[in-house]
Each structure stands twice: as C-alpha cells, then as structure tokens.
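Presented below is the structure to which this report refers.
Proteins get letters first, then strands, A, B, ... in listed order; numbering begins at 1 in each.
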4 protein chains.
Amino acid sequence: MPKSEEPPKVTGARAAAAESKRRQILDGAVRVFARQGFHGCRVSDIADEAGVAYGLVYHYFETKNEILDTLFLERWDILLALIAEIDSREIAAREKLYEISAFIIESYRHDPDLMKVIIVEVTREANSFGRTHLAKISDAYDGIAAIVARGQSSGEFRTDVTAQFAALAFYGVIEQALTGWIFDLLPGGDSEYEQAKHFVVATICDGLHA
Amino acid sequence: MPKSEEPPKVTGARAAAAESKRRQILDGAVRVFARQGFHGCRVSDIADEAGVAYGLVYHYFETKNEILDTLFLERWDILLALIAEIDSREIAAREKLYEISAFIIESYRHDPDLMKVIIVEVTREANSFGRTHLAKISDAYDGIAAIVARGQSSGEFRTDVTAQFAALAFYGVIEQALTGWIFDLLPGGDSEYEQAKHFVVATICDGLHA
Amino acid sequence: MPKSEEPPKVTGARAAAAESKRRQILDGAVRVFARQGFHGCRVSDIADEAGVAYGLVYHYFETKNEILDTLFLERWDILLALIAEIDSREIAAREKLYEISAFIIESYRHDPDLMKVIIVEVTREANSFGRTHLAKISDAYDGIAAIVARGQSSGEFRTDVTAQFAALAFYGVIEQALTGWIFDLLPGGDSEYEQAKHFVVATICDGLHA
Amino acid sequence: MPKSEEPPKVTGARAAAAESKRRQILDGAVRVFARQGFHGCRVSDIADEAGVAYGLVYHYFETKNEILDTLFLERWDILLALIAEIDSREIAAREKLYEISAFIIESYRHDPDLMKVIIVEVTREANSFGRTHLAKISDAYDGIAAIVARGQSSGEFRTDVTAQFAALAFYGVIEQALTGWIFDLLPGGDSEYEQAKHFVVATICDGLHA
DNA sequence: TATGAATGAGTTTTCATTCAT
DNA sequence: AATGAATGAAAACTCATTCAT
C-alpha cells in the first residue's frame with residue numbers, strides 16, 4: 001500500500017517546496033533510523049541523509065524525538081483507519097484478519113525501513129518515553145479485538161479465548177514475522193510475503209493441529 | 001522457575017564476596033534497566049542501585065553494554081537448554097509447546113524486570129549491536145521449530161504451514177503477551193498468567209475457529 | 001620573524017569570525033600547553049583561555065591531540081619552507097646555517113610559548129602517537145643535511161663527518177639552547193639570543209679548539 | 001657500561017628476594033615506559049610486565065611518578081659521578097669530552113629502553129612536575145662546563161664561546177644523536193655507535209670547517 | 001611481603017538544542 | 001525558509017591510589 005499521499009495543498013510553490021523539505025527530512029530520518037537506530041544516529045546524520053542544512057531540522061521539528069513520533073503516528077493512524085474500515089465491511093472475521101495481515105505485510109514490502117523503525121525503535125522508546133504511543137498501540141489491539149469479538153458473536157470464533165488475547169496473539173504473530181525479516185532470521189521475498197499473509201490467518205484461525 | 005542457582009563454589013570468602021558483588025551489580029542493573037531503560041540510565045545509577053562503588057562496575061564488566069549482554073545470555077541459555085530438554089521428552093508436541101509457554105510465563109512471573117529488559121532492551125540493541133543476540137534468538141526459533149517439525153512428522157500437526165513459521169508465530173504470541181503485561185496493555189496477575197499459558201497453546205494449536 | 005600572517009581572506013564577516021574563533025582556540029592552546037603541559041591541561045582550560053565555549057573546540061578540532069598537531073605543523077612547515085629557501089641562496093654554507101639558527105632563535109624570541117610546546121610536548125607525543133611528526137622532523141634534518149652536503153662538495157666543510165650527522169648535531173645544539181631557556185637553565189634575554197645565534201655557528205662550524 | 005649493580009646487601013634471602021622484586025618492577029617499568037610512554041601505560045601494565053602483583057608496585061613506590069624518578073636518578077647519578085671522575089683525570093679536555101660521549105652512547109647501546117625513557121619522558125615531565133630533575137640536569141651541564149672551562153684555562157679551547165654554552169651544545173649533540181636512534185631517524189648499530197662517539201667530539205671540538 | 005578487589009575523582013568526547021545572520 | 005556556528009550539559013570510561021586480607 002502506497003504511502004498515504006496527502007493531497008498537495010494548493011498554497012503556491014513556496015509552501016510546496018517547504019513541505020517537500022519537511023518530507024525530505026522525514027524520509028531521510030527513516031533511512032538513518034533504520035540503518036543506525038534512533039540512539040545510534042545524530043541529528044546531523046538525518047540532515048545529511050536528507051540533504052538539508054543542519055538547522056533546518058529544528059525549523060520543522062522541535063526535537064529529535066518528535067521526528068520519530070511523527071513517523072510512527074503518520075503510519076499508525078493509517079493502520080487504525082484501515083482496521084476500522086475493514087471491520088465495517090460485510091465479510092467474515094477471518095477475511096477481516098486476512099486483510100489486516102495483508103496490509104501490514106504489504107506496508108513492510110513497500111517500505112521496510114519505516115516498518116523496521118516502528119517495530120524496533122518505537123516500541124522500545126515507549127518504555128522510557130511518553131505513553132502516547134502505547135495508547136495508539138492499544139487502539140490497534142482494541143480494533144482487532146472488536147473484529148474478533150464480532151466473530152465470536154456470530155459464532156464464527158470460539159469464545160473461550162478472550163477477544164483481547166486473541167487480538168494480541170494475532171498482532172504478535174505478524175510482528176514476529178516482520179522481526180524475522182528485519183533481522184534476517186526468516187527468508188524474505190515476494191512469494192514469502194504472500195505466503196506469510198495466509199500463514200498468519202491459517203495459524204491463528206485454524207490452528208496448527210492436523 | 002528459579003534462577004539457576006550455581007552451587008556456591010567453595011573457593012574461600014574472598015572469591016565468594018567477589019562473586020557476590022558481581023551478582024549485586026547484575027541484579028541492580030536489572031532493576032535500573034527495567035525502570036529507566038538501557039539508554040535512560042547512567043552507569044552510576046547501576047552502581048548506586050547495586051550499592052557498590054562506581055569503579056567496581058568496570059572491574060567486572062568492560063562496558064555498560066556487556067552488562068546487558070550478560071543478563072540476556074544468562075537467561076537465554078537457560079531457555080535454550082529447557083527447550084532442548086523438553087523436546088527430548090516422550091510427550092505430544094502440543095504438550096511440549098505448553099511447557100515452553102509455561103516456562104517463559106513463569107519466568108516473567110518470577111522476575112518481571114529481567115524479562116522486561118530482555119524483551120524491551122535486547123531486541124533494540126540487536127539492531128545496533130552485534131549479531132550475537134540474534135544468533136541466540138535464532139537458536140530458540142530453531143528449537144521450537146524442531147518440536148513443530150516432529151509434530152508434523154507424527155501427524156499431530158498440519159504440514160502446510162512451515163515449522164519455521166509456526167515456531168516464530170508461537171514465540172510471537174508469547175512475546176506479545178509479555179509485552180502486554182509489561183506495558184499494562186493487558187491485565188496481569190496470577191490467574192491471568194495461568195490462563196495465558198493455556199491460551200497460547202489453544203490459539204496456536206487449535207486456532208480461533210469455533 | 002612574525003607569524004606568517006595570511007592575508008585576511010575577504011569571505012564575509014561570518015567566515016572571518018569563524019576563522020578568528022579557530023585562531024583564538026589555537027592561541028589559547030599554546031598558552032595553556034606551555035603553562036601546564038599537554039597532559040596537564042583539560043580541554044576546558046583551552047576553551048577558557050581562548051574565551052570560547054567548550055563545545056566549540058570540538059567544532060574545529062576532532063581531538064585535543066589534533067590541536068597540538070596543528071600547532072606543530074603550522075610552524076614546522078614554515079621552518080621547512082625557510083630551510084629550502086635559504087639553501088637556494090648563493091651564500092656560503094656557514095651563512096646558511098647562521099640564517100637557520102637565527103630564524104629558530106627569533107621564533108623563540110617572538111613566541112616562546114609556541115616553541116616550548118613544539119620542543120617539549122611534540123617530541124613526547126611523537127613517541128606515543130603517529131609518525132607524522134617524525135617524518136616532518138626528518139624533513140628538517142634532511143634539508144639541513146643538504147646544506148652541509150653542498151658545503152662539503154664546495155670544499156667549505158670537511159667530509160669525514162657525514163652530512164647527516166652534522167645536520168643532526170647542528171639542530172641538537174639549537175634545540176638544547178632553546179631547552180636551556182625554556183627551563184631556565186640558561187640565562188635568556190635579547191643579547192643572549194643574539195649571541196647564541198653566533199655561538200651555534202661558531203661551535204658547529206669552527207669547533208671549540210683554540 | 002653495565003648497570004651499576006649495587007653490592008648485594010647481605011641481609012638474608014628474604015631481603016634479597018624483596019630487593020629483586022623491586023628491581024623487577026623497575027625493569028618492567030623501563031620496558032613499558034619505552035614502549036608506551038609514561039602517560040600511555042597503566043600501573044597494571046608495569047606490574048604485568050614485571051610479573052608481580054598489582055598491589056606490590058605500591059608497596060615499593062609511593063606513586064607511578066616515583067618509579068620514573070627512580071629510574072632517572074639511578075642512571076643520572078652514575079653519569080654525574082662519571083663526569084666528576086673524568087674531570088679529575090690528567091688528560092686533555094678533548095679526551096674528557098670523548099669519554100663522556102662514549103659513556104652515554106655505551107649506555108644507550110647497553111640499555112636503549114632506559115635511555116629512551118630518560119630522554120623522551122623525563123625531560124618533558126620536568127615541564128609539569130617538580131624541578132628536581134632540572135637541578136640534576138643542570139648539574140651535568142655544570143660538570144661538563146667545568147671541563148670546558150679548564151680546557152679554556154689551559155689554552156686548549158677558545159674562550160669566546162662561553163663554557164656554559166659549549167657544555168650545552170656538547171650535550172645537545174649527544175642527545176640529538178640518541179633521539180635519532182630512538183626514533184629511527186638515524187641508522188643505528190655497533191659501528192654507527194662507535195663512529196658517533198668520534199663524530200661528537202670532531203664536530204664540537206674541531207668544527208665542520210675544512 | 002604479597003594480592004587484587006574496591007574506590008571515586010577526573011577527563012575526553014558527544015551531541016541535542018539554540019541562535020545570530 | 002535556510003544556514004551552520006556556538007553552547008554546555010551529560011555520561012562513559014580510565015586509572016592512580018587505597019585497603020582488607
């Protein structure tokens with residue numbers, strides 16, 4: 001799924017250029033964070049990678065941390081919106097889960113650096129820093145749990161495992177698959193990604209038993 | 001499961017005292033890393049928490065990072081040994097997975113700080129630092145995959161989902177449960193832990209379908 | 001001989017100011033190194049003496065050591081250029097040696113701190129650090145040796161003492177005179193400096209014999 | 001010239017062993033100082049090189065600096081005694097200077113590490129630390145100056161160059177030769193050492209002129 | 001004497017952030 | 001908006017020295 005291209009605000013060439021610098025910085029930051037980690041890079045590395053002047057980073061962002069926050073929120077809000085949209089469709093819960101799985105895996109295929117940053121850096125940061133991210137992550141869990149709960153109500157899913165735990169398990173499987181690709185513990189590639197979308201659902205919905 | 005208490009080597013009071021200081025430092029580090037994060041604490045915080053002089057930390061460990069490494073390896077090696085031992089038992093694959101799930105969750109109940117550090121801090125370090133940790137993590141995946149593969153051979157498990165992916169999914173579910181408890185996204189407590197041990201296996205082996 | 005005053009490059013106030021801060025740091029470092037020794041001072045002493053912020057030192061120089069290197073090379077390159085220039089003149093070898101002796105002693109009169117740093121600190125660093133300085137020092141020896149060799153070819157100098165050794169002896173006498181002044185083992189003062197210029201040549205060229 | 005072996009104090013085996021440990025430490029320190037420089041080594045390096053326990057170094061020496069002092073003074077006092085002894089002989093001043101030159105160069109041949117330490121580390125240390133060493137160095141200058149002065153009185157040496165300056169020049173030539181060998185700027189070897197003893201006197205007494 | 005664990009002050013370097021232009 | 005020099009707090013790491021045994 002392509003990056004959600006915000007409609008180019010029609011505010012003249014100047015503003016467009018400015019917006020593009022801001023975008024450059026975010027894009028540079030993704031590459032640098034993915035390569036060196038949030039703590040392993042300097043603000044000047046971001047500026048260099050983005051091809052902008054050092055000081056400009058601070059024109060667009062208050063702190064280094066805000067850059068990470070922005071990257072996370074941009075992407076995560078898309079995910080949250082998608083979960084909500086999918087849940088509103090008239091399809092089986094299993095199908096809904098497949099769509100979410102597919103979306104996240106496609107996101108990784110499309111921009112592995114960004115997903116790496118979100119998974120590796122943001123979660124850990126949540127430990128030391130604000131709870132903002134945790135609330136957002138919780139929102140995703142809740143959205144998925146809502147899908148599961150609806151599946152339970154309709155009789156599609158068993159009810160002894162709580163919807164909350166099921167949601168968390170579902171997300172855990174996907175995140176671990178991404179982690180595997182990120183750290184080269186799992187072979188990556190287009191066919192593997194395609195297969196994984198199905199494996200996630202097969203494992204979580206059908207179980208491993210024969 | 002209690003920390004593998006090495007038999008108190010009878011090597012005189014001096015050596016014993018020395019070993020205890022080293023232990024104190026490791027124990028202090030766990031608490032500090034859990035509370036403030038690896039990057040959020042200073043070496044002096046570790047020394048203070050451990051009740052030893054600053055310099056002593058560097059007498060026992062080359063770098064701050066080596067402390068984290070040591071904590072991770074101590075515990076992870078126990079996990080690896082356990083996985084191997086469980087796989088050698090004459091029980092169903094499903095039972096084996098339950099034992100592993102139970103062990104990890106018990107580890108968290110017994111020493112949540114340590115598990116928090118391993119899950120939250122080590123993975124991030126794996127990104128920037130050496131691949132040592134990754135190799136160890138990979139070993140765990142492999143051990144679990146071996147169990148699944150044996151289950152597939154015996155006809156207990158389906159074979160369309162690869163053993164490798166199944167192992168990763170299984171571990172992903174457990175890790176996400178721990179993450180949930182760590183960040184208070186999931187209610188914790190003795191009965192929840194007990195329930196979760198079963199949920200993990202129910203989800204992965206039986207699936208969510210009704 | 002005055003410090004080679006580079007013509008103030010007309011590059012705008014900003015660049016000029018920047019260059020002047022860098023110069024301030026170097027000048028402060030000379031005073032501090034001379035007073036307390038390279039190892040006896042902190043980088044903050046340099047910053048304080050130069051009247052700049054601590055961090056600015058690291059904006060202009062990678063390490064404390066690079067400051068020392070810069071001071072040495074700036075001056076030594078002037079010496080090397082001078083030796084080459086003097087050798088090209090159409091004067092007696094003895095005159096050439098006098099000019100070099102005079103230049104070095106004048107350098108000391110003009111900026112005793114800098115010469116002290118070069119003689120006292122750089123040599124020691126040459127031991128532990130890179131061979132860069134040694135190569136430069138060797139260049140000076142070679143330049144002087146070339147002058148002596150030409151003197152030998154013309155019949156002005158005896159040939160049983162090698163030019164190489166003679167060069168080294170000549171430089172050794174000068175350096176020891178400076179060392180004497182630096183450590184107050186030899187009375188200093190304008191007339192003493194003037195006298196020493198002649199003594200160096202008298203000793204090396206004519207010998208002590210009656 | 002062999003290291004002045006102090007007569008083995010007849011105080012029993014224990015004291016002898018103790019003395020030997022102290023000697024071991026000094027000998028180890030010479031090697032370490034020569035290799036890494038005074039500031040570039042740790043006290044533990046000295047202990048390791050000497051093959052003694054860390055703490056023992058502090059049993060025999062108050063500070064790290066005292067070790068350097070001891071090494072310098074041991075050797076320098078021998079030099080001072082020798083200068084005095086030579087001056088009392090009934091030989092030409094030129095012969096006396098030859099003997100001193102020969103002694104110092106032999107000292108270097110016999111124990112280059114020790115001479116390297118004295119020349120490279122002690123003189124520089126004189127800058128930051130006490131004036132003790134300077135007084136001793138001054139004593140050597142004075143001793144040599146006395147020889148020159150006597151040579152001037154007897155009509156052997158010219159009088160326009162002061163005895164003080166001549167002494168300093170003489171020592172400067174020798175020190176620079178040693179520096180050349182130490183830093184590989186001058187080819188070393190037995191025949192070169194032998195030749196240098198003569199070159200020093202030829203240069204200083206006879207001069208370079210044809 | 002001999003050992004090596006224990007202490008903690010000291011120092012370089014890093015780097016996020018600010019600011020003048 | 002854009003630049004990059006300037007600031008200074010922060011922290012890891014070093015290592016001489018002390019001390020208990």
Side-chain angles (χ1 to χ4, degrees), chain A residues 14-15 17-22 25 39-48 52-67, chain B residues 12-15 17-22 25 39-47 52-67, chain C residues 12-15 17-22 25 39-47 52-66, chain D residues 14-15 17-22 39-48 52-67:
Chain A
R14 299 264 308 232
E19 193 54 29
S20 113
K21 292 269 187 176
R22 189 185 138 94
I25 292 168
H39 283 102
C41 77
R42 297 173 291 189
V43 174
S44 69
D45 293 330
I46 299 173
D48 290 349
V52 304
Y54 192 170
L56 199 60
V57 173
Y58 281 89
H59 183 74
Y60 287 108
F61 302 94
E62 297 272 317
T63 65
K64 183 186 177 187
N65 213 77
E66 192 190 311
I67 301 174
Chain B
R14 290 279 294 279
E19 193 53 28
S20 111
K21 293 271 185 173
R22 190 186 136 95
I25 292 168
H39 283 103
C41 78
R42 295 168 295 183
V43 173
S44 70
D45 294 330
I46 298 173
V52 303
Y54 191 129
L56 200 61
V57 175
Y58 283 91
H59 185 76
Y60 287 109
F61 302 94
E62 300 266 319
T63 64
K64 183 185 177 188
N65 211 80
E66 193 189 309
I67 302 175
Chain C
R14 288 280 293 279
E19 193 53 29
S20 109
K21 293 270 186 174
R22 191 185 135 96
I25 292 168
H39 284 102
C41 77
R42 294 169 295 184
V43 174
S44 69
D45 293 330
I46 299 173
V52 303
Y54 194 149
L56 201 61
V57 175
Y58 283 92
H59 184 77
Y60 286 109
F61 302 95
E62 300 266 319
T63 64
K64 183 184 175 188
N65 211 78
E66 193 189 309
Chain D
R14 299 260 314 227
E19 192 54 28
S20 112
K21 293 269 186 173
R22 190 186 136 95
H39 282 101
C41 78
R42 297 172 293 184
V43 174
S44 70
D45 292 331
I46 299 173
D48 289 349
V52 303
Y54 192 171
L56 200 61
V57 174
Y58 281 90
H59 182 76
Y60 287 108
F61 302 94
E62 297 270 319
T63 65
K64 182 185 177 187
N65 214 78
E66 193 190 310
I67 302 174

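To the nearest angstrom, P of E:dG4 lies 17 Å from CD1 of D:Ile46. One atom, OH of B:Tyr60, and another, C1' of F:dC13, lie 18 Å apart when rounded to the nearest Å. In this structure, the NZ atom of B:Lys21 is 9 Å from the C1' atom of E:dA5, given to the nearest Å. At whole-Å resolution of the value, CG in D:Leu56 and P in F:dT18 are 15 Å apart.
Checking side-chain atoms of A:Lys64 against main-chain N and O of A:Cys41 turns up a donor-acceptor pair under 3.5 Å.
Interatomic distance, A:Asp48 CG to A:Arg42 CZ, rounded to the nearest 0.5 Å: 8.0 Å. To the nearest 0.5 Å, the span separating CZ on A:Arg22 from CG on A:Leu56 amounts to 11.5 Å.
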Watson-Crick or G-U pairs under 3.5 Å in DNA chain E, rendered as dot-bracket with [ ] for crossing pairs and | for another strand:
.||||||||||||||||||||

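Nearest heavy-atom pair, D:His39 versus C:His39, reported as atom, atom and distance to 0.1 Å: ND1-ND1, 3.4 Å. Nearest heavy-atom pair, C:Ile25 versus C:Ile46, reported as atom, atom and distance to 0.1 Å: O-CG2, 4.0 Å.
With sequence neighbours excluded, the residues satisfying side-chain contact (heavy atoms from CB on, under 4.5 Å) with B:Tyr58 are B:Val43, B:Tyr54.
C:Tyr60 has its side chain out of reach of C:Glu66: every pair of non-hydrogen atoms, C-beta onward, lies at least 4.5 Å apart.
In this structure, A:His59 does not reach the F:dA2 phosphate: none of its side-chain N or O atoms is under 4.0 Å from OP1 or OP2.
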Does the protein touch nucleotides 9-16 of chain E at the base, only the backbone, or not at all? Give it as B, S and - per nucleotide, heavy atoms under 4.0 Å.
--SBBBSB

